[in-house]
Amino acid sequence: MKLLIQNACYIASNGEKKQADLLIENGVITKIGKKIEADVNRTVDASGKLVSPGFIDLHVHLREPGGEKKETIATGTAAAARGGFTTIANMPNTRPVPDTISNMEDLQKRIKDTAKVRVLPYASITIRQLGQELTDFEGLKANGAFAFTDDGVGVQSAAMMLEAMKKAAALDMAIVAHCEENTLINKGSVHEGSFAEKHGLNGIPSVCESVQIARDVLLAEAADCHYHVCHISTKGSVRVVRDAKRAGIKVTAEVTPHHLLLSQDDIPGLDSNFKMNPPLRDAEDRAALIEGLLDGTIDFIATDHAPHTAEEKAEGMTLAPFGIVGLETAFPLLYTHFVLKNIITLEQLIEYLTVKPAEAFGLPYGKIEVGAPADLVILNLEEEQAIKTEEFLSKGKNTPFSGWKCKGWPELTIAGGEIAWEKGCVLV
């Protein structure tokens, strides 16, 4: 498809706002200039809108195979496109796990057949994510594994993690970690704090996360491995990552929109749409996360999009599964509550969702320049509307942000030069 986007206001790689036409051919931006004339399949007028590189989310759960009642590759990538995301990385806690070459080949075929945006599949660190036997790192990389993670469970054995890091480093691959020390989880469903005490719930202490990060950054130093921390949530964890970076250790970290926006003080009651792992922490943890993002300790934002069925979430705060959806609400929430409140700039937000994740993992995406992949989202920064779960393209409706009024909504998403989603249209 050949597309022409006219009057595109965009932020260049040097941070300067520019306006030009963008010509897209064969999945690539081929020309940027004033008043481009070309024979194209479609012309889109972006006057009054912001054109951004397509967002990159390196922490998403698509559930397929095995969890299709919660989400599928088709529905999850449709939700991604609606939210402006054109590249996502799919976590491996599926059934079966992508822990063998044959399982990875099956997953890649599913992605090729049904995905509406680019999907980078993680492979697991250990067989069935059990923490007992390493997977075939070489074979999985050769079959398209993006990185290695046992997300959903922390690797409990330091010896196993060190061996994994050495193997990953030899292949120039990253180890990505969900950090929890199992002996400290305490069968908790929320943060160990005032909310847990008030409602008589077991709590997960902050040190459960930070102590494993502290172990792992030292292992990463020993292995000379790129180590990435998933969904960082505590002030102690931020301090550990900050100190590790100062020591020259190859560590990167992500934070979710919900941990930036909410603390345990915002949980209205026993509503399992506020149950996620890691849990919502103290207000001072939230403040530390914002500070860590601003000073570069935390590299980028990822949603940890985790859909569940309504029936599962109806089981209550103790029994319901952890997780909330986030792909379709991330940008409007962050734009409204961070950019419009002058906590970060628009340029910074775009970077946290595009340039920064691409840089952290050496990806060739997140740019608007000639020769770059044509991954773009057109944003209406003036449109204000409430978050309506009934309009989600994800199967999951589990969000604590239902009804929140936000500005800054995507209107059209282009992935690989093709229109992946457009407001008001049903794309097959």
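Numbering of residues begins at 1 and proceeds along the displayed sequence.
In this structure the side chain of F338 never reaches within 4.5 angstrom of the side chain of L349, judged on heavy atoms. Looking only at side-chain heavy atoms (C-beta outward), L58 and F146 come within less than 4.5 Å of each other. Contact annotation: the side chain of F300 never approaches that of V355 to less than 4.5 Å [non-hydrogen atoms, C-beta and beyond].
K395 meets the salt bridge (Lys or Arg N to Asp or Glu O under 4.0 Å) test with no other residue; sequence neighbours excluded.
For the side chain to side chain donor-acceptor pair (under 3.5 Å) condition, the pairs that include at least one residue of residues 124-140, sequence neighbours left out, are T126-D150. Sorted by first and then second residue, the pairs that involve residues 66-116 and meet ring-ring contact (aromatic ring centres under 6.0 Å, His included), not counting sequence neighbours, are F55-F85. The stretch residues 238-259 participates, sequence neighbours left out, in these side chain to side chain donor-acceptor pair (under 3.5 Å) pairs: H59-E254, D224-K250, H226-T252, H228-T252, H228-E254, R242-D295, R242-T297, K245-D299, T256-H258, T256-H259. Counting only residues at least two apart or on different chains, the side chain to side chain donor-acceptor pair (under 3.5 Å) pairs with a member in residues 197-213 are E209-S233, E209-S237. Judged as a side chain to side chain donor-acceptor pair (under 3.5 Å), the pairs with a partner in residues 360-375 (not counting sequence neighbours) are, in order, R118-Y365, R118-D375.
A donor-acceptor pair under 3.5 Å is absent between the side-chain atoms of R286 and the main chain of L280, judged by distance alone. Judged by distance alone, the side chain of Y122 and the main-chain N or O of D151 form no donor-acceptor pair under 3.5 Å. Formation of a donor-acceptor pair under 3.5 Å by the K397 side chain with backbone atoms of F392 is found in this model. Between the K141 side chain and the L171 main chain, a donor and an acceptor come within less than 3.5 Å of each other. Judged by distance alone, the side chain of E181 and the main-chain N or O of T183 form a donor-acceptor pair under 3.5 Å. Side-chain atoms of T77 never come within 3.5 Å of backbone atoms of A115 as a donor-acceptor pair (strictly under, hydrogens ignored). The backbone N or O of G188 lies less than 3.5 Å from no partner atom in the side chain of N186, so there is not a single donor-acceptor pair. Looking only at distances, no side-chain donor or acceptor of R63 sits under 3.5 Å from a matching main-chain atom of T72. Side-chain atoms of K116 do not come within 3.5 Å of backbone N or O of A78 as any donor-acceptor pair. A donor-acceptor pair is defined here as one N or O able to donate and one able to accept, closer than 3.5 Å; no such pair exists between the side chain of N143 and the backbone of I101.
A donor-acceptor pair shorter than 3.5 Å cannot be found between the side chains of E312 and N398. Remark: the S402 side chain and the T399 side chain contain no N/O donor-acceptor pair separated by less than 3.5 Å. Using a 3.5 Å distance cut-off with no hydrogens or angles, the side chains of E71 and T75 do pair a donor with an acceptor.
Considering CG of L62 and CE of M91, their distance stands at 10.5 Å, rounded to 0.5 Å.
The existence of a salt bridge linking R82 and E391 is confirmed by a sub-4.0 Å separation between a basic side-chain nitrogen and an acidic carboxylate oxygen.
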